[in-house]
Amino acid sequence: MAAAIEYFFDFSSPYGYLASHRIDDIAAKHGREVVWRPFLLGKVFEFNGQRPLTSQPLKGEYAIHDFARIARLYDIPWTMPEKFPIATQAAGRVFYWLNESDPGQAKTFAKLAYNTYFADGITIQAKDVVAGIAGKAGADEAAALAVIDEDRVKLLLLDASDEAIERNVCGSPFFFVDGEPFWGADRIEMIDQWLSTGGW
């Protein structure tokens, strides 16, 4: 069976959100699965001395326009959150906790969390909000709330973030297809072509 596509993303990444609506369908078209890998983009920014895209002169205004344009193109629900960017530790920790026993449920949670933030415009930074989303994904809400502060689960997210940096993941979304790196939601068409042709 062909290797899964790895999809690294931050829950506060608009382009990661937009990619989340498309990458599984592209992968399925080619008989592939997608392994979802949330990480902390802030650690990458710190490593590179970067600022969030929307706070950068010239780029910020363009990016906000581009988010909405891509959403319209692919008919993806879109709301630019009032509070942006946000810390995403709680969502990332709950994801990896769920992923230990049920990757499918973890992916469902991730999609719900992303949609809550970027479709409904509801901030997903607070622990109780994240636990409530876990409940909607079929998990035990109280257990989800408690696990957010567990050192073991914190380490799962930190390890994923460290791995991302070690593998030169420079933004969100970032994909690996048979070891080939692709950065950005605008690379999904290239991933489709790469899988169709066997690469070039």
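For the numbers below, each heavy atom of this structure counts, side chains included, while hydrogens, waters and symmetry mates do not. The first residue in the sequence is number 1, and the count goes up from there. Since this is a predicted model, take the numbers as computed values, not measurements.
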Working for side chain to side chain contact (heavy atoms under 4.5 Å, CB included), residues Asp192 and His30: CA-CA 8 Å; Asp192 188 12; His30 298 282; 2.6 Å; yes
Pairing of Arg152 and Glu100 as salt bridge, 4.0 angstrom limit: yes
Smallest separation among heavy atoms of Val34 and Ala27, with atom names: CG2-CB, 3.4 Å
Residue that, paired with Tyr114, satisfies ring-ring contact (aromatic ring centres under 6.0 Å, His included) out of Phe95, Tyr17, Tyr7, Trp78: Tyr17
Nearest-0.5 Å distance that lies between atom CD1 in Ile165 and atom SG in Cys170: 11.5 Å
Joint hydrophobic cluster, Leu156 plus Ile133, side-chain heavy atoms closer than 4.5 Å: yes
Flag if over 12 foreign heavy atoms under 6.0 Å of CD, Glu46: no
Verdict with supporting geometry, Lys136 and Phe109, side chain to side chain contact (heavy atoms under 4.5 Å, CB included): CA-CA 8 Å; Lys136 291 178 182 176; Phe109 163 79; over 6 Å; no
Heavy-atom pair of closest approach, residues Asp178 and Ala3: OD1-CB, 3.7 Å
Full working for side chain to side chain contact (heavy atoms under 4.5 Å, CB included) between Phe84 and Tyr117: CA-CA 10 Å; Phe84 177 86; Tyr117 190 41; 3.4 Å; yes
Test item: Arg32 side-chain N/O and Ala2 main-chain N/O as donor-acceptor pair under 3.5 Å: no
Gap separating the CG atom of Asp102 from the CH2 atom of Trp97, nearest 0.5 angstrom: 11.0 Å
Chi angles and distances behind the side chain to side chain contact (heavy atoms under 4.5 Å, CB included) call for Asp186, Tyr15: CA-CA 9 Å; Asp186 57 348; Tyr15 286 123; over 6 Å; no
Minimal non-hydrogen separation, Ala119 against Pro77, with atom names: CB-CB, 3.7 Å
Nearest heavy-atom neighbours spanning Gln125 and Ala90: O-CB, 4.0 Å
Same cluster (ILVMFWY, side-chain, under 4.5 Å), Ile76 and Ile122: no
Linked, directly or transitively: Val130 and Leu112 (ILVMFWY side chains, under 4.5 Å): yes
Residues, nucleotides or ligands: over 12 heavy atoms within 6.0 Å of Leu58 CG: no
Interatomic spacing from NZ in Lys107 to CH2 in Trp36 - rounded to 0.5 Å: 6.5 Å
Note, Lys29 side chain near Leu195 side chain (heavy atom, < 4.5 Å): no
Minimum side-chain heavy-atom gap Arg51-Pro85 below 4.5 Å: no
Any Phe182 side-chain heavy atom under 4.5 Å of Met190 side chain: yes
Within 6.0 angstrom of Glu150 CD, more than 12 heavy atoms from elsewhere: yes
Sidechain-backbone polar pair: Thr79 side chain, Pro81 backbone, donor-acceptor under 3.5 Å: no
Side-chain ion pair, Arg167 and Glu6, N-O less than 4.0 Å: yes
Closest contact, heavy atoms only, Ala144 versus Val94: O-CG2, 3.9 Å
Minimum heavy-atom distance between Pro173 and Ser13, given as atom pair plus value: N-OG, 4.3 Å
Aromatic centroids of Trp183 and Phe175 separated by under 6.0 Å: no
Atom pair OG/CD1 of Ser12 and Ile124 - distance to nearest 0.5 Å: 7.5 Å
Aromatic ring pairing His65/Tyr62, orientation class (parallel under 30°, perpendicular over 60°, tilted between): tilted
Lys111/Asp24 ion pair, N-O < 4.0 Å: yes
Ser172 side, atom OG; Phe8 side, atom CZ - distance, nearest 0.5 Å: 11.0 Å
Listed once per pair and sorted, the side-chain hydrogen bond (donor to acceptor under 3.5 Å, both in side chains) pairs that draw on residues 87-96, sequence neighbours left out: Asp10-Thr88
Single-linkage hydrophobic cluster Val153~Leu155, side-chain heavy atoms < 4.5 angstrom: no
Side-chain touch Glu180/Trp194, heavy atoms, less than 4.5 angstrom: yes
Verify same cluster id: Phe118, Ile86 (apolar side-chain graph, 4.5 Å): yes
Side chains of Phe9 and Ser20 in contact at under 4.5 Å (non-hydrogen atoms): no
Separation of Arg22 CZ from Ile191 CD1 (nearest 0.5 Å): 9.5 Å
